Structures are given as C-alpha cells and as structure tokens.
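Numbers here simply count residues along the sequence, with the first being 1. Remember, predicted model here, so these are calculated numbers, not experimental data. Worth knowing before you read on, the calculation uses all heavy atoms, side chains too, and leaves out hydrogens, waters and symmetry mates.
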Amino acid sequence: MADKTPRSARITPEEALAYHMEPRPGKFDVVASTPMATQRDLSLAYSPGVAVPVQAIADRPETAYDYTTKGNMVAVISNGTAILGMGNLGALASKPVMEGKAVLFKRFADVNAIDIELDTEDADEFINAVRLMGPTFGGINLEDIKAPECFIIEQRLKELMDIPVFHDDQHGTAVICAAGLLNALELSGKRIEDVKIVLNGAGAAGIACLELLKSMGARHENCIMADTKGVIYQGRTEGMNQWKSAHAVVTDARTLEDAMKGADVFLGVSAKGAVTQAMVESMADNPVIFAMANPDPEITPEDAHAVRPDAIVATGRSDYPNQVNNVLGFPYLFRGALDIHARAINDEMKIACAEALAKLAREDVPDEVAVAYGRKLQFGRDYIIPTPFDPRLIHVIPPAVARAGMDTGAARRPIIDMEGYVQSLKNRMDPTAAILQGIHARARQSQARMIFAEGDDPRVLRAAVAWQRGGMGQALVVGREADVKEKLEAAGLADAVRELTVVNAANSRHLDAYHEFLYARLQRKGVDREDAHKLANRDRHVFAALMLAHGHGDGLVTGATRKNAPVLAQLGHVFDLRPQDGAVGITAVLHKGRIVLIGDTLVHEWPEAEDLADIATRGAAVARGLGLEPRVAFLSFSNFGYPVSERAIKMAEAPKVLDRRGVDFEYEGEMTVDVALNMESAARYPFSRLTGPANVLVVPARHSASISVKLMQEMAGATVIGPILTGVPQPIQICSTTSTVNDILNMAAISAGGLGTGR
C-alpha cells in the first residue's frame with residue numbers, strides 16, 4: 001500500500017495546509033474541453049444544439065460514451081469511515097484524500113475523476129446513492145470505507161450497476177501485491193501452486209490479496225490467514241465473519257509465530273512490528289516478505305535481512321526498494337476498462353494487470369527511469385515491481401486489461417485496432433512529473449549543501465526548510481539570525497530555526513579570504529580594495545557566490561527578490577558568466593504533455609550565428625540531462641529562405657556552424673515555430689533533418705525568448721522551469737521574482753543535480 005509520507009520527506013502541517021490552500025483551495029479545477037467563446041459555441045454547448053445529442057442518447061443509450069464525458073469519467077466515492085491509517089473521521093474529512101485520488105487518476109492515466117463524499121454510515125443508503133449516479137460515470141472507485149461494510153457495498157453495487165465498481169483498498173493492493181509476488185517467486189525458483197503463504201491482517205486488503213492469489217493458482221490449503229486474535233482456522237468462532245470464514249483452513253497453528261514456521265511467503269497488511277526477526281528466521285529458504293503495513297511495515301527490510309540475507313522484501317514505502325504502490329494499478333485498470341466501455345472489472349482483468357506489471361519489471365528499464373530514480377534499475381531482488389514514474393505503464397497495462405475484458409465479455413465496445421490504441425495511449429503521456437522526479441532524485445542523491453542567498457524572503461525560507469526536511473541535503477541560508485527567526489515564526493515554522501544553518505556575512509570567519517579573492521578578481525576592473533570589501537560584506541548575492549567559490553557550499557540558488565539581469569551582474573563579480581564565457585539560459589516550458597526548451601532566455605541579448613550554435617549545444621545538453629533526446633530547431637518567421645530577410649540570415653547560418661562542429665544531435669532551420677513543432681506542417685519540407693517535433697527551440701534574441709515563455713505561461717497556463725543557467729563553472733541557478741516556494745525548490749534541485757555546470 002502506498003505510503004503518503006516516506007521517511008525521507010518530513011512534511012510540516014503548515015506546508016501541507018499551504019499546498020491545499022494555494023493558489024486556490026483544493027487540488028483541481030474543471031476546465032472546458034470545447035470552445036466557449038462565441039454565441040454559436042454556447043448555442044452548440046447548450047440550447048438549442050444540445051437537444052441533438054440528447055435525442056441521440058435517448059434513442060441509443062450507448063452513444064452517451066460518444067457525446068458526453070461518461071466514457072472517461074470516474075467517481076471516487078467514500079464515507080470517510082477508514083481514512084488512510086486515521087480511522088473514521090467522517091465524509092467531509094475524507095475530501096482531501098478523495099481529491100488526491102482524483103488527481104492521481106488524471107496524472108497517471110488521463111482519466112477524469114470527481115470526488116464524492118457521502119455523509120452516511122448506513123450501507124443501504126450508501127448503495128442507493130451510488131446506484132442512482134450510474135448514468136453520470138464510466139466507473140466507480142470506492143475508497144476508505146471500513147470493513148465489513150466495504151464488502152457489502154461493493155458486492156451489491158456490482159450486482160446493481162452496469163459499469164465497473166472497484167474498491168481500491170481491496171483490489172488495488174491485491175493487484176500490485178500479486179505482480180510483485182509473481183516476480184519474487186520467479187527469482188526464488190518457486191511456483192505459486194506449491195508455496196505456503198501466511199497473510200496477517202484479515203481486513204479488506206488482506207482478504208482481497210488472498211482471494212486474487214488463489215484465483216491465480218495458490219492452493220487454499222497452503223494459505224493461512226491471521227488477524228489480531230491469531231490464526232483463522234476451521235472451527236474458530238471468535239471474531240469471525242463470512243469473509244474470514246471463507247479462508248479458514250485445517251491447521252494446528254494458532255499464532256502468527258506458529259504459522260510462519262516453514263512459510264515461503266509472508267504478506268502483511270496489519271501493523272508496525274507485527275513480525276519479529278525470530279519469525280523471519282523460521283521461514284523456508286529464500287523467503288518472500290511483503291510487509292505492507294502503512295505507514296510503517298510489519299518488519300523493516302534491514303531487520304529482515306539481518307537474519308535472512310536470502311529474503312526478498314517489499315514494503316509500502318517509497319524509501320525502500322520494491323514499493324507496493326496502488327498507483328501502479330488503479331489508474332491503468334480503469335483506463336483499460338473505460339476504453340472498452342466495460343461493464344465491470346473482473347478477476348481476469350485484475351490478473352492481466354498483475355501479469356503485465358510483472359512482465360514489465362523483467363524488461364530493460366529505460367534510461368530516463370534510471371535518471372529519475374538516481375540509480376540503475378534491473379530486474380532482481382531489489383526491483384520486482386515497476387516504479388510509479390515508468391513512462392511505459394500507460395501504454396503497457398491498459399491494453400492488457402482491455403484484452404482481458406474483451407476476452408471475457410466485459411467489453412461493450414471492443415478495440416479493433418490495438419496498435420492504434422497503444423499509440424493513442426503513448427500520446428497521453430505527460431512528461432512533467434517524470435522530469436521533475438528525475439531532477440529531485442538526482443538532487444537527493446547528491447545531498448548538497450545548498451546556499452539560499454535571500455534569507456530575508458519568506459518564500460526562500462520555506463523552500464530552505466523543505467530542502468532540509470525533504471532529505472535533499474543541508475540548507476545554508478544567508479541572512480541575519482534574528483530576521484530569519486522572526487520570519488520563520490511568522491510562517492509557522494518556528495521550530496525550523498534550529499535545523500537551518502544561518503550564515504551572516506557580518507560575522508563570517510571567512511571574510512578575509514573572501515575579500516582578498518574578490519579584490520584580486522576586480523582590481524583591474526576599476527574596483528578598489530574598499531569597494532571590493534563592501535561588495536562582499538553588503539551584497540548577499542556576491543557573498544553567497546563567494547561561499548560557493550570557496551567550497552563552503554555545493555550549490556547556489558538566488559534571484560527571488562531581484563530581477564535576473566542585476567543578479568547575474570552581481571554573480572559575475574565572482575564567476576565568469578558573460579556570453580563569451582559560455583553561459584546560456586535555457587527555460588523549460590511544459591504544457592499539455594509536451595516539453596520544449598527555449599534559449600537563450602537569460603544571457604545573450606542579441607546572439608549571432610556562432611552564439612546561436614552555442615545556445616543549441618547547451619540546450620541539447622540540458623535536454624539530455626532531463627532524459628530527452630534533443631531535436632533542435634532554429635526559429636524565425638521564415639522557412640528555409642522564404643520570405644527573404646536579413647533578420648533570418650543568422651538563423652540559417654547557425655545550422656551550418658553546427659555542421660562544421662559535427663555535433664551528435666538533430667538540428668534544423670531556419671523555420672517557423674509551427675513547422676518545428678507540428679509534423680503535419682513539417683511534411684511540406686521533406687528534406688528536413690528532424691525526425692520528430694523539435695524539443696529545443698533556439699530563438700533570434702533574448703527578448704523574443706522572454707516573450708515566448710511569458711506568453712505561454714500567461715495565456716496557456718504552461719509550467720515554466722528556469723531559466724536554467726548552463727555552461728557555468730559552478731552549480732548556480734537564478735529564480736524569477738514571481739517564483740513560488742516550489743519554483744525555488746525546483747531551481748535548488750537543478751543546481752544540486754549539476755544540470756547546468758560544465759563548459
């Protein structure tokens with residue numbers, strides 16, 4: 001089961017509340033997918049045009065999937081009786097969790113989802129409310145409902161409704177558990193039909209895990225279930241119900257300790273510390289231990305391996321290998337089910353999902369996934385389940401689910417062109433999260449001492465706290481101790497003052513060395529000793545840069561309180577950051593699942609052909625650092641010489657410079673932006689060297705780069721990362737004055753990951 005708070009990321013209450021409050025309360029908006037600008041648009045959307053699809057659906061109900069959002073809409077429904085590990089806190093309190101589940105559907109499988117919280121603990125009332133909403137949705141995801149009501153509700157709704165009804169707390173965990181177990185047994189040289197399985201935790205998830213494994217070949221007599229009162233054996237009466245009784249076996253074992261002796265597999269969905277090292281020691285050779293209790297496992301991998309180095313261990317935590325994470329299952333199960341207009345998600349579809357996940361983990365892992373996780377992933381004892389950010393999940397799992405649904409008669413509308421379907425799923429991929437995940441993974445691996453130069457800004461201080469508490473490394477804040485303390489207290493982070501390292505220029509023991517270094521750099525540029533000393537003492541950007549230059553920090557992030565140009569100029573007193581020094585600013589723009597890098601947005605005011613070639617080379621390096629294969633386009637208002645203009649000449653000359661340099665990436669130009677990004681437009685120029693849409697755009701001047709980025713940000717709502725300062729000797733990144741806490745944190749991660757360093 002997915003752990004929402006891994007040990008490596010300490011989230012404060014203030015941070016959590018701010019995340020849910022800003023920029024608007026909640027976690028998602030509803031956005032129109034059709035034009036709504038003119039009177040004609042409104043007439044088509046509502047009256048009178050809407051009458052036509054209304055009549056079509058009345059005549060043929062199945063066309064609701066064609067004319068409405070039903071076919072891509074899931075309801076995430078709870079009554080809040082079993083919220084995460086927090087218990088029965090009520091329907092209203094469950095809303096943040098259900099909103100979170102809704103955005104996970106969208107993020108991972110492009111499924112629209114709406115959260116619905118029902119204020120009742122009566123199973124019949126709940127069932128009736130959901131049943132009546134059937135026409136609205138293509139599927140129902142039940143969540144955080146306590147047992148045994150969850151069993152009753154799901155079973156009855158399955159009988160009453162003709163769309164998939166899926167209780168994720170049960171089946172989501174079961175599917176991922178089954179996928180991991182298939183691979184663990186493969187590595188152990190064992191078969192599911194032969195192994196002795198012990199499961200601790202006879203709630204919704206535990207019962208679903210055992211039922212799915214039995215449907216996949218595990219033998220009833222080989223499976224022992226235990227709860228807080230001990231083993232569930234035939235003849236036991238205490239604490240029993242019909243769902244537990246179905247898994248009672250003939251056995252002499254009465255305690256979990258008894259059951260574990262000689263067991264091949266332990267599955268835990270119970271509580272922290274339920275399994276001891278002695279129990280693990282008593283298991284069979286090459287034991288498999290899935291300690292999935294949330295948030296802390298029944299036994300940690302360290303403790304298990306201390307007594308059984310031959311064990312394969314999985315948990316629900318993201319800070320250990322082999323995370324059993326529901327997000328690997330439910331988005332893709334529903335994606336496949338919705339795309340065949342399924343009547344239900346049956347066992348065969350769940351098994352197909354588990355088997356596809358298991359198979360995917362055995363395949364070679366793409367480089368971008370390894371980059372995202374900061375380590376090489378290869379099928380083996382520490383990698384038996386794919387990672388949540390594997391981009392292949394979206395186009396591997398849903399087709400397997402869809403095929404199983406079609407084979408078993410669950411599909412209303414079978415997929416005819418499976419190849420075309422797979423391609424359509426690939427087109428749904430959004431690289432944003434994977435790219436940010438990669439940036440942060442590399443940063444976490446480096447454990448950098450990050451210098452936050454503007455300790456008088458609350459956003460910077462909050463980012464510094466997040467850096468420290470997020471396990472990214474050490475946060476060094478440049479500022480006055482009293483001022484930092486006051487601002488942290490105002491932000492509700494008073495306790496963080498003891499964690500941060502505050503560096504005050506006024507009492508730094510390194511000032512003499514900084515003074516001499518700076519004077520040596522500037523003495524032939526019209527700066528006398530006294531002025532150099534004042535610069536080091538009074539300008540936080542200069543002081544922070546001197547810290548970095550002397551190895552008193554590993555990376556630097558600044559710029560949140562002052563415009564880019566003067567910040568760059570101040571940093572230039574300490575480092576060589578001029579255009580002729582090779583410095584370039586590359587901005588990443590992410591929108592609707594696409595990413596383009598635009599340059600130069602920071603350093604070159606009016607680059608010539610040689611400069612443009614340098615910008616292209618730097619942009620290509622950043623693209624590769626983000627896991628992209630670079631395709632560079634030199635942009636103009638003309639295409640390959642027409643219309644003729646002296647302003648386009650340098651854009652046509654730049655590719656020739658790269659020809660002479662013999663670079664190892666694709667490039668082309670000059671060309672208009674539509675030809676660069678749209679392959680249909682590009683088809684008019686069959687001689688173009690680009691094999692796909694460009695992802696690095698080199699523009700004629702800094703002003704056009706800035707206009708392009710800000711236009712996309714303001715008009716289209718694009719996500720902007722950068723400018724990423726590259727081609728510099730040290731890890732330095734400059735934020736914008738409009739940066740949020742997350743923006744500052746992202747730039748710090750880019751600095752720590754070394755994305756911009758190197759000449």
Is there a side-chain contact between [X] and [Y] in this structure, where contact means two heavy atoms from C-beta onward sitting under 4.5 Å apart?
X: Val699; Y: Ser704; result: yes
X: Ile595; Y: Val589; result: no
X: Arg624; Y: Leu628; result: no
X: Thr387; Y: Asn325; result: no
X: Leu602; Y: Ile724; result: no
X: Leu493; Y: Leu461; result: no
X: Val465; Y: Leu488; result: yes
X: Tyr383; Y: Val365; result: yes

| query | When you look at Leu626 and Leu597, which way does the side-chain contact (heavy atoms from CB on, under 4.5 Å) test go after all the steps? | reply | CA-CA 10 Å; Leu626 294 174; Leu597 306 179; 4.0 Å; yes
| task | Could you tell me whether the side chains of His573 and Asp539 share a donor-acceptor contact shorter than 3.5 Å? | result | no
Quick check for you: to the nearest 0.5 Å, what is the distance between [X] atom [atom1] and [Y] atom [atom2]?
X: Leu522; Y: Leu535; atom1: CG; atom2: CG; answer: 7.0 Å
X: Gln733; Y: Ile744; atom1: CD; atom2: CD1; answer: 13.5 Å
X: Asp743; Y: Thr740; atom1: CG; atom2: OG1; answer: 3.0 Å
X: Arg578; Y: Leu568; atom1: CZ; atom2: CG; answer: 11.5 Å
X: Arg480; Y: Asn507; atom1: CZ; atom2: CG; answer: 11.5 Å
X: Tyr685; Y: Asn639; atom1: OH; atom2: CG; answer: 4.0 Å

Looking at [X] and [Y], would you say the former's side chain and the latter's main chain have a donor-acceptor pair under 3.5 Å?
X: Arg631; Y: Ala676; value: no
X: Lys650; Y: Pro700; value: yes
X: Asn678; Y: Ser681; value: yes
X: Asn695; Y: Glu629; value: yes
X: Thr726; Y: Val584; value: no
X: Glu666; Y: Thr691; value: yes
X: Ser508; Y: Asn504; value: no
X: Asn564; Y: Cys735; value: yes
X: Arg444; Y: Gly473; value: no
X: Arg449; Y: Gly551; value: yes

| request: Apply side chain to side chain donor-acceptor pair (under 3.5 Å) to the pair Glu454 and Thr561, showing each step before the final yes or no. | output: CA-CA 7 Å; Glu454 298 153 308; Thr561 63; 2.6 Å; yes
Could you report the tightest heavy-atom contact between [X] and [Y], atom names first, then the distance?
X: Ala749; Y: Met472; value: CB-CE, 4.3 Å
X: Leu677; Y: Ala694; value: CD2-O, 3.3 Å
X: Gly559; Y: Ile734; value: CA-CG2, 4.1 Å
X: Pro655; Y: Phe634; value: CG-CD1, 3.7 Å
X: Val557; Y: Met747; value: CG2-CB, 3.9 Å
X: Ala623; Y: Pro630; value: CB-CB, 4.0 Å

| field | side-chain contact (heavy atoms from CB on, under 4.5 Å) assessment of Ile615 paired with Ile586 | value | CA-CA 8 Å; Ile615 294 167; Ile586 303 292; 4.3 Å; yes
| remark: Sorted by chain and number, sequence neighbours left out, side chain to side chain donor-acceptor pair (under 3.5 Å) with Asp456 holds for Arg540
| task | Name all pairs fulfilling the salt bridge (Lys or Arg N to Asp or Glu O under 4.0 Å) condition that reach into residues 667-679, sequence neighbours left out, sorted by first residue then second. | result | Glu668-Arg689
| query | Please walk me through it: do Tyr514 and Phe543 pass ring-ring contact (aromatic ring centres under 6.0 Å, His included)? | reply | CA-CA 8 Å; Tyr514 293 175; Phe543 180 81; 5.5 Å; yes
| field | From CA spacing to verdict: side-chain contact (heavy atoms from CB on, under 4.5 Å), Ser638, Thr672 | value | CA-CA 6 Å; Ser638 59; Thr672 57; 5.8 Å; no
| Residues Asp528, Tyr519; criterion side chain to side chain donor-acceptor pair (under 3.5 Å); working and verdict | CA-CA 7 Å; Asp528 62 26; Tyr519 179 58; over 6 Å; no
| task | Decide if atom NZ of Lys710 counts as having more than 12 heavy atoms of other residues, nucleotides or ligands within a radius under 6.0 Å. | result | no
| request: State whether the number of non-hydrogen atoms from other residues, nucleotides or ligands found under 6.0 Å of Gln423 atom CD is greater than 12. | output: yes
In terms of side-chain geometry, is the basic nitrogen of [X] or [Y] positioned less than 4.0 Å from the acidic oxygen of its partner?
X: Lys656; Y: Glu653; answer: yes
X: Asp576; Y: Arg521; answer: yes
X: Arg562; Y: Asp457; answer: no
X: Asp600; Y: Arg702; answer: no

| Taking it one step at a time, do His604 and Asp614 satisfy side chain to side chain donor-acceptor pair (under 3.5 Å)? | CA-CA 11 Å; His604 292 77; Asp614 291 340; 5.6 Å; no
| query | In terms of ring plane angle, is the pair His703 and Trp606 parallel, tilted or perpendicular, where the classes change at 30° and 60°? | reply | parallel
| How are the rings of His515 and His533 set relative to one another: parallel (under 30°), tilted (30 to 60°) or perpendicular (over 60°)? | parallel
| task | Name all residues meeting the salt bridge (charged side-chain N to carboxylate O under 4.0 Å, His left out) criterion together with Lys487; count only those two or more places apart in sequence or in a different chain, and write none if there are none. | result | Asp483
| task | Kindly indicate, with the supporting measurements, whether the criterion side-chain contact (heavy atoms from CB on, under 4.5 Å) is fulfilled by Leu360 and Val396. | result | CA-CA 8 Å; Leu360 185 61; Val396 169; 4.3 Å; yes
| request: Could you walk me through whether His510 and His552 pass ring-ring contact (aromatic ring centres under 6.0 Å, His included), step by step? | output: CA-CA 9 Å; His510 301 296; His552 299 145; 3.7 Å; yes
